[in-house]
Amino acid sequence: MAPPDAGAARPRGRGGYWLYLLPSLVLFLAIIVVPFLMNVATSFTRWSGVGTPTWIGLDNYTKLFRDERFWASFQHNVALIVAMAVVPTIAGLVLAAALFDYIAKRFGARTASALRAAFYLPQVLPVAVAGVVWGWMLHPSYGAVNQIFGLKVNWLGDPDLALATVMAIMVWFQLGYPVVIFMAGLQRVDPSLYEAAEIDGASWWRRFWHITIPQIRPEIFVVLLTCTIAALKVFGPIFVLTRGGPGSATMVPSYFSYLNFFQKVNVGYGSAIATVLALIIVVVTFLFLRVQDRDQERDS
């Protein structure tokens with residue numbers, strides 16, 4: 001019997017790969033897309049969560065954009081972006097470079113790894129546990145912070161201090177993530193660059209500015225993007241620490257949406273807040289990716 005014609009062999013297409021992506025696609029549709037579309041539809045209604053929703057068109061959005069508490073919550077969100085994205089990224093860069101280029105060389109890799117783990121430890125703690133512990137530490141009567149420094153400050157109950165206190169806690173909570181990412185990124189940098197710069201007499205700061213930052217720009221974009229998204233949708237720490245108070249001093253859009261959903265049972269209005277927040281996150285993500293693509297095109 002003649003051997004089969006090699007040219008008649010069935011070509012292997014790429015259609016088979018979709019079979020492996022199908023479970024993730026189904027989960028994405030079921031968990032992300034369908035609930036989001038349902039949320040968008042609900043945002044055009046007046047609904048208490050039971051009974052039949054009443055279609056009211058754009059009334060929720062008209063009310064939303066006139067709501068001073070909504071705009072104030074976004075101002076607080078901007079402050080939390082500074083605390084959760086900008087400050088941790090800058091501080092994380094300096095700490096990662098110091099651990100990689102100074103501590104590891106002077107005191108050994110184990111010391112640097114131990115310090116890295118110590119910085120990352122808050123990320124391992126559940127948000128509820130960290131929030132409760134900080135609540136104890138900052139309690140105006142028996143809190144450790146007031147006891148140590150001999151103060152009588154209501155850190156989380158004073159409208160003038162609550163947001164700044166939450167920001168400080170979030171810097172502590174978020175700092176370990178950039179440190180770990182940046183130290184991983186530094187592993188791929190050619191050590192000869194640092195050795196040559198050190199031989200030429202470059203100070204640690206000049207090595208940091210001219211070698212470390214340019215070499216790990218992709219990691220910087222990733223950290224800024226993920227931390228900014230985390231700040232925009234932050235909910236757990238606000239819920240545990242302040243419940244948006246005192247008054248509305250620490251109110252953020254995610255908690256404002258929750259407040260309308262479950263306490264005021266104004267589901268349509270809460271859905272409108274959640275929809276606007278989701279669209280803002282999508283736009284911010286798109287802008288970050290566009291800037292990153294242009295940066296890569298300029299380097300290529």
Minimal non-hydrogen separation, [X] against [Y], with atom names:
X: P246; Y: G157; value: CG-O, 3.3 Å
X: A130; Y: W172; value: CB-CZ3, 4.2 Å
X: A79; Y: M167; value: O-CE, 3.3 Å
X: A272; Y: L64; value: O-CD2, 3.9 Å
X: T45; Y: A41; value: CG2-O, 3.7 Å
X: F173; Y: P122; value: CE1-O, 3.2 Å

Go through the structure and list residues passing ring pair (Phe, Tyr, Trp, His ring centres under 6.0 Å) with [X], not counting sequence neighbours.
X: Y61; value: F44
X: Y269; value: none
X: F262; value: Y258
X: W209; value: none

[X] side-chain N/O to [Y] backbone N/O, donor-acceptor pair under 3.5 Å:
X: R207; Y: A202; value: yes
X: S254; Y: V234; value: yes
X: R188; Y: Q215; value: yes
X: Q147; Y: S141; value: yes

Whichever hydrophobic residues join [X] through chains of side-chain contacts under 4.5 Å:
X: V34; value: M38
X: L22; value: V26
X: V78; value: none

Minimum side-chain heavy-atom gap [X]-[Y] below 4.5 Å:
X: F256; Y: L277; value: no
X: I211; Y: D101; value: no
X: W47; Y: T54; value: no
X: F235; Y: V252; value: no
X: M170; Y: P237; value: yes
X: F261; Y: I273; value: no
X: I216; Y: L93; value: yes
X: T228; Y: V86; value: no

Does anything in [range] pair up under side chain to side chain donor-acceptor pair (under 3.5 Å), and if so which pairs, sequence neighbours excluded?
range: residues 236-247; value: T242-T250
range: residues 120-140; value: none
range: residues 68-90; value: R69-S248
range: residues 148-169; value: N146-W155

Is a salt bridge present between K105 and E198, judged by a nitrogen-to-oxygen distance below 4.0 Å? yes
Look up atom [atom1] in [X] and atom [atom2] in [Y], then write down how far apart they are to the nearest 0.5 Å.
X: D67; Y: N60; atom1: CG; atom2: CG; value: 11.0 Å
X: I90; Y: L224; atom1: CD1; atom2: CG; value: 8.5 Å
X: L115; Y: I103; atom1: CG; atom2: CD1; value: 6.5 Å

Would T275 and N39 count as having a side-chain donor-acceptor pair, cut-off 3.5 Å? yes
Run V265 and N260 through side-chain contact (heavy atoms from CB on, under 4.5 Å) and show every step you take. CA-CA 6 Å; V265 291; N260 282 277; over 6 Å; no
side-chain contact (heavy atoms from CB on, under 4.5 Å) between V132 and L241, worked out: CA-CA 7 Å; V132 169; L241 290 168; over 6 Å; no
Going through the distances and angles, do T212 and F182 end up as a side-chain contact (heavy atoms from CB on, under 4.5 Å)? CA-CA 9 Å; T212 300; F182 293 148; over 6 Å; no
Assigning hydrophobic clusters by single linkage (Ile, Leu, Val, Met, Phe, Trp, Tyr; side-chain heavy-atom cutoff under 4.5 Å), is [X] placed with [Y]?
X: V87; Y: L232; result: no
X: Y255; Y: F74; result: yes
X: F286; Y: I32; result: no
X: W204; Y: V189; result: yes
X: V180; Y: L225; result: no

Would V127 and F239 satisfy side-chain contact (heavy atoms from CB on, under 4.5 Å), going step by step from the backbone distance to the final call? CA-CA 10 Å; V127 173; F239 180 83; over 6 Å; no
If you look only at pairs with a residue in residues 88-116, which of them pass as a ring-ring contact (aromatic ring centres under 6.0 Å, His included), with sequence neighbours excluded? none
